[in-house]
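I have placed the structure first, in the form of structure tokens, so that the comments after it can refer back to it.
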Amino acid sequence: MTLQADRRARFAVAALFFTNGALFANLIPRYPQIKADLGLGNAAYGLSVAAFPTGAIVAGLAAGLLIRRFGSATVAVAGTALTAGGVLLAGLAPAAAVFAAALFLAGAMDAITDVAQNAHALRVQRRYRRSIINSFHAIWSIGAVTGGLMAAAAIALHLPIGAHLAVSGGLLVAVALVARRFCLTGPDVDETPAPDSPAGRFTWPGRRVGLVIGALVLIAIGGTIVEDAGNSWAALYLSGSLHAAAAVAAWGYIALVGAQFVGRLIGDRLVDRFGQRTVARAGGLIVAAGMGSALAVPSVAGTILGFAAAGFGVATLVPAAMHEADELPVLKPGTGLTIVSWLMRLGFLFSPPVVGAVADATSLRTGLLVVPIAGVLVIVLAGVLRVKGASGTLVPGIPGA
């Protein structure tokens, strides 16, 4: 492969991350309308949107098999097209059961797409022999912001939800199909990093691998809980509890993913300079302080800023957990990545119904306390992530440190 081909592959993977971020983001700001049209209470709504991560968990482990059979790039593009179909069906659902079923389908396909595009991204990263994974996740955030803005514009223009999701889905699938032409060719395990390269593997004692994987999963879950708060509840909290207009309420989610993009854009540089552990702990503190303050003194502007702080704080958590798991040498290639990608979706599964139940029993403001709690969780568990040695290289962290 030539340098030019590697660069084309990097742009192609970036396009796949962009479409993945934008697809579902077009649906999220429509949630208040769908909830009202279907007459759902908070608990029923929480259970319905939990169908998305349920589908992801059911289908997640199939990603490895599909990737080995068809290749990561092909699986990512096919998953993108099927996710778009699920999103459109969810927007047009005439009943809660159909809404949940459509989200189940979209979640299953999104999980497979997520693993496939990250597998291809890590393959490209190995060819570059330096960290670029956060930049791909930054592109995902750009896609999410773009999707949120598309939805906000469609709402402001009173565009029917079916037309909106059909057009946005068609455009994004077309982008993915074009990107497929420029992805890497050949098998997905043909590049092996040199032992002294930034992507080289570190050795963990075998008996501790299970604890490390568990801690990495919980760190990733902390990130997914915060993301889900923006996905499922930001617009509802702003429009309901704080009485913001629908177009303004969409900015809670947009602020979260926008700030997440900024954090991921500078994430590789911060990690190289300070190490994964320090960056993660600082991020957890920003989440806890930012969203905690917004909930303590509620206002529309303050809440939007709180969601922005939360998005910035969790920016590098999921990429860090995925990369750390993928580098564990005692596991087969891709096994750690698949496990973390699969189990981290438990946060998306349990967070919506828990927040919904708490909201019905008390208030949505109380339910959103899961966000600062997630920040504290990350601070406690960040000891498994790598620290920066005196030589400037990254070395493994110690569980509980």
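Side chains are part of it too, since the values below use all heavy atoms of this structure and drop only hydrogens, waters and symmetry mates. A quick note: this is a predicted structure, and the numbers were derived from the prediction, not measured.
For the pair Leu103/Phe99, a side-chain contact is recorded, criterion being any heavy-atom separation below 4.5 Å from C-beta on. Two residues are said to be in side-chain contact when any heavy atoms from C-beta on lie closer than 4.5 Å; Trp251 and Val300 fail this criterion. Between Ser351 and Thr224 the shortest side-chain heavy-atom distance does not fall below 4.5 Å. Two residues are said to be in side-chain contact when any heavy atoms from C-beta on lie closer than 4.5 Å; Thr80 and Thr83 fail this criterion. Leu184 has its side chain within reach of Val124: a pair of non-hydrogen atoms, C-beta onward, lies under 4.5 Å apart. With a 4.5 Å cut-off on side-chain heavy atoms, Ser168 and Val87 do not count as touching. Put simply, the side chain of Gln117 does not reach to within 4.5 Å of the side chain of His120, judged on heavy atoms. In this structure the side chain of Arg127 never reaches within 4.5 angstrom of the side chain of Arg10, judged on heavy atoms.
The CE atom of Met344 lies 12.5 Å from the CG atom of Leu216; values are rounded to the nearest 0.5 Å. For the atom pair Tyr253 OH and Tyr31 OH, the distance stands at 9.5 Å (nearest 0.5 Å). Atoms CE and CG, on Met291 and Leu256 in that order, are 8.5 Å from each other to the nearest 0.5 Å. In this structure, CD on Gln33 lies 10.0 Å from CG on Leu27, to the nearest 0.5 angstrom. Within the model, atoms OG1 of Thr146 and CD1 of Ile254 stand 10.0 Å from one another, a figure rounded to the nearest 0.5 Å. Atom CG of Leu105 and atom CG of Leu88 lie 11.0 Å apart (nearest 0.5 Å).
Considering every non-hydrogen atom in both Ala84 and Leu23, the closest pair reads CB-CD2, 3.7 Å. Across all non-hydrogen atoms, the minimal contact from Leu242 to Pro298 is CD2-CB, 4.1 Å. The minimum heavy-atom distance between Ala176 and Val77, with the atom names listed, is O-CG2, 3.6 Å. Closest approach of Ile67 and Ala116 over heavy atoms only: CD1-CA, 3.6 Å. Between Ala229 and Leu368, the shortest heavy-atom distance links the atoms CB-CD2, 4.1 Å. Scanning all heavy atoms of the two residues, the minimum distance from Ala259 to Ala308 falls at CB-O, 3.0 Å.
The salt bridge (charged side-chain N to carboxylate O under 4.0 Å, His left out) pairs that include a residue from residues 225-240 are Glu227-Arg264, where partners are two or more places apart or lie in different chains. Contacts classified as salt bridge (charged side-chain N to carboxylate O under 4.0 Å, His left out) and involving residues 335-349 (residues at least two apart or in different chains) are given here: Asp110-Arg345, Asp114-Arg345. Residue pairs satisfying the ring-ring contact (aromatic ring centres under 6.0 Å, His included) criterion with at least one member in residues 127-167, sequence neighbours excluded, are listed as follows: Phe17-Phe136, Phe17-His137.
Take Ile286 and apply the side chain to side chain contact (heavy atoms under 4.5 Å, CB included) test, not counting sequence neighbours, and it matches Ala309, Phe312.
Using modelled atom types, no side-chain atom of Thr278 and backbone atom of Gly275 make a donor-acceptor pair closer than 3.5 Å. A donor-acceptor pair is defined here as one N or O able to donate and one able to accept, closer than 3.5 Å; such a pair exists between the side chain of Arg365 and the backbone of Ala296. Side-chain N or O atoms of Thr303 include one that pairs as donor or acceptor with a backbone N or O of Ser299 at under 3.5 Å.
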*Yes or no on side chain to side chain contact (heavy atoms under 4.5 Å, CB included) for Thr316 and Leu270, after CA distance, side-chain angles and deciding distance?*
CA-CA 10 Å; Thr316 65; Leu270 291 175; over 6 Å; no
*For the pair Val226 and Leu317, evaluate side chain to side chain contact (heavy atoms under 4.5 Å, CB included) and give the outcome as yes or no after the intermediate values.*
CA-CA 11 Å; Val226 175; Leu317 295 184; over 6 Å; no
_Checking Asn118 against Ile133 for the side chain to side chain contact (heavy atoms under 4.5 Å, CB included) test, could you report, in this order, the C-alpha distance in whole Å, the side-chain angles of both residues, the deciding distance, and whether it holds?_
CA-CA 8 Å; Asn118 274 285; Ile133 188 66; 4.0 Å; yes
*Between Arg68 and Leu65, does a side chain to side chain contact (heavy atoms under 4.5 Å, CB included) hold up when you go through it step by step?*
CA-CA 5 Å; Arg68 287 190 292 271; Leu65 177 63; 4.3 Å; yes
Distance-only donor-acceptor hits, side chain of residues 40-56, under 3.5 Å, sequence neighbours excluded:
residue	atom	partner	partner atom	Å
Asn42	ND2	Asp360	OD1	3.2
Tyr45	OH	Ser232	O	2.9
Ser48	OG	Ala44	O	2.9
Thr54	OG1	Ala50	O	2.8

Could you give the side-chain donor-acceptor pairs of residues 370-385 under 3.5 Å, partners two or more places apart or in another chain?
none

